[in-house]
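Structure first, commentary second.
In what follows, chains are A, B, ... by sequence order, proteins preceding strands, each numbered from 1.
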Amino acid sequence: MLSFVPSVLLPKKKFIYHYKNMRWARGRHETYLCFVVKRRVGPESLSFDFGHLRNRNGCHVELLFLRHLSALCPGLWGYGATGQGRVSYSITWFCSWSPCANCSFRIAQFLSQTPNLRLRIFVSRLYFCDMEDSREREGLRMLKKVGVHITVMSYKDYFYCWQTFVARKQSKFKPWDGLHQNSVRLSRKLNRILQPFETEDFRDAFKLLGL
DNA sequence: ATTTTCAAT
């Protein structure tokens with residue numbers, strides 16, 4: 001079923017290099033997406049799938065994932081073979097970069113057509129989100145609007161990824177310098193991006209008050 | 001102080 005996934009586990013060095021949440025991540029011309037797919041049919045039955053992907057041939061990794069979604073999520077658009085009712089899926093992504101504007105809009109559009117699919121996105125770094133009016137910021141807000149939970153990865157998420165997706169051979173996850181501070185900084189930044197309306201309101205209120 | 005970004009050579 002997962003024949004399109006080249007290898008199940010990520011080499012340690014690759015994981016560290018691409019998921020490092022440093023301020024200037026020079027030379028990362030690849031994006032990795034580690035995923036967990038939970039499939040539910042009825043109240044009891046539950047199954048898992050996991051793996052990772054990277055962008056290829058100019059195709060962003062998120063769109064690559066969507067392209068293979070029907071293989072990963074059988075019955076997403078129909079009913080379960082057992083006739084117990086509709087299959088539902090919960091997907092969690094851990095991405096080294098947050099999605100670009102185009103991917104965000106495509107994902108949002110896709111999700112609005114698949115109510116039985118829930119998506120949670122963890123990101124290590126924010127992609128082109130420095131400008132206030134960047135389309136990437138718009139895209140992230142769009143994702144939030146359609147119910148995607150987007151979070152910046154913290155220590156526990158890197159730890160989980162290390163345990164789940166990395167060929168770690170019993171080695172323990174060693175956090176890099178600044179992991180926590182960077183995560184906190186990016187997390188605040190993301191929160192500001194996703195809650196622009198309150199700050200706008202404040203700005204308007206201050207303006208009205210002549211402050 | 002400034003540095004990057006799902007490449008293109």
At under 4.0 Å between heavy atoms, what does [X] touch on the DNA or RNA strands: base, sugar-phosphate, or nothing?
X: A/Leu63; value: nothing
X: A/Arg28; value: sugar-phosphate
X: A/Ser98; value: base

So, is [X] near the phosphate of [N], with a side-chain N or O under 4.0 Å from OP1 or OP2?
X: A/Asn55; N: B/dA7; result: yes
X: A/Tyr127; N: B/dC6; result: yes
X: A/His29; N: B/dT5; result: yes

Euclidean distance for P, B/dA1 against B/dT5 (whole angstrom)
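Looking at atom P only, B/dA1 and B/dT5 are 22 Å apart.
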Take atom [atom1] of [X] and atom [atom2] of [N], then tell me their distance rounded to the nearest Å.
X: A/Arg56; N: B/dC6; atom1: CZ; atom2: P; result: 16 Å
X: A/Asn57; N: B/dC6; atom1: CG; atom2: C1'; result: 12 Å
X: A/Arg26; N: B/dT2; atom1: CZ; atom2: P; result: 15 Å
X: A/Asn21; N: B/dT3; atom1: CG; atom2: P; result: 20 Å
X: A/Leu33; N: B/dC6; atom1: CG; atom2: P; result: 15 Å
X: A/Glu30; N: B/dT4; atom1: CD; atom2: P; result: 19 Å
X: A/Glu136; N: B/dT4; atom1: CD; atom2: P; result: 17 Å
X: A/Lys14; N: B/dC6; atom1: NZ; atom2: C1'; result: 14 Å

As a quick check of understanding, evaluate side-chain contact (heavy atoms from CB on, under 4.5 Å) for A/Leu76 and A/Tyr89, giving each step before the final call.
CA-CA 8 Å; A/Leu76 182 61; A/Tyr89 287 93; 3.6 Å; yes
Is it true that the side chains of A/Arg40 and A/Ser88 contain a donor and an acceptor less than 3.5 Å apart?
no
Under a plain distance cut-off of 3.5 Å, with no hydrogens placed, do A/Ser124 and A/Tyr32 share a side-chain donor-acceptor pair?
no
Which of A/Phe35, A/Tyr158, A/Phe165 passes side chain to side chain contact (heavy atoms under 4.5 Å, CB included) with A/Phe94? Answer is A/Phe165
Check whether the aromatic ring of A/Trp24 stacks on the base of B/dT3, taking stacking as ring centres less than 5.5 Å apart and planes within 30° of each other.
yes
Under the criteria of a ring-centre distance below 5.5 Å and an interplanar angle below 30°, is A/Trp97 stacked with the base of B/dT5?
no
Taking A/Cys100's backbone N and O only, do any of them form a donor-acceptor pair with A/Glu136's side chain (distance below 3.5 Å, no angle check)?
no
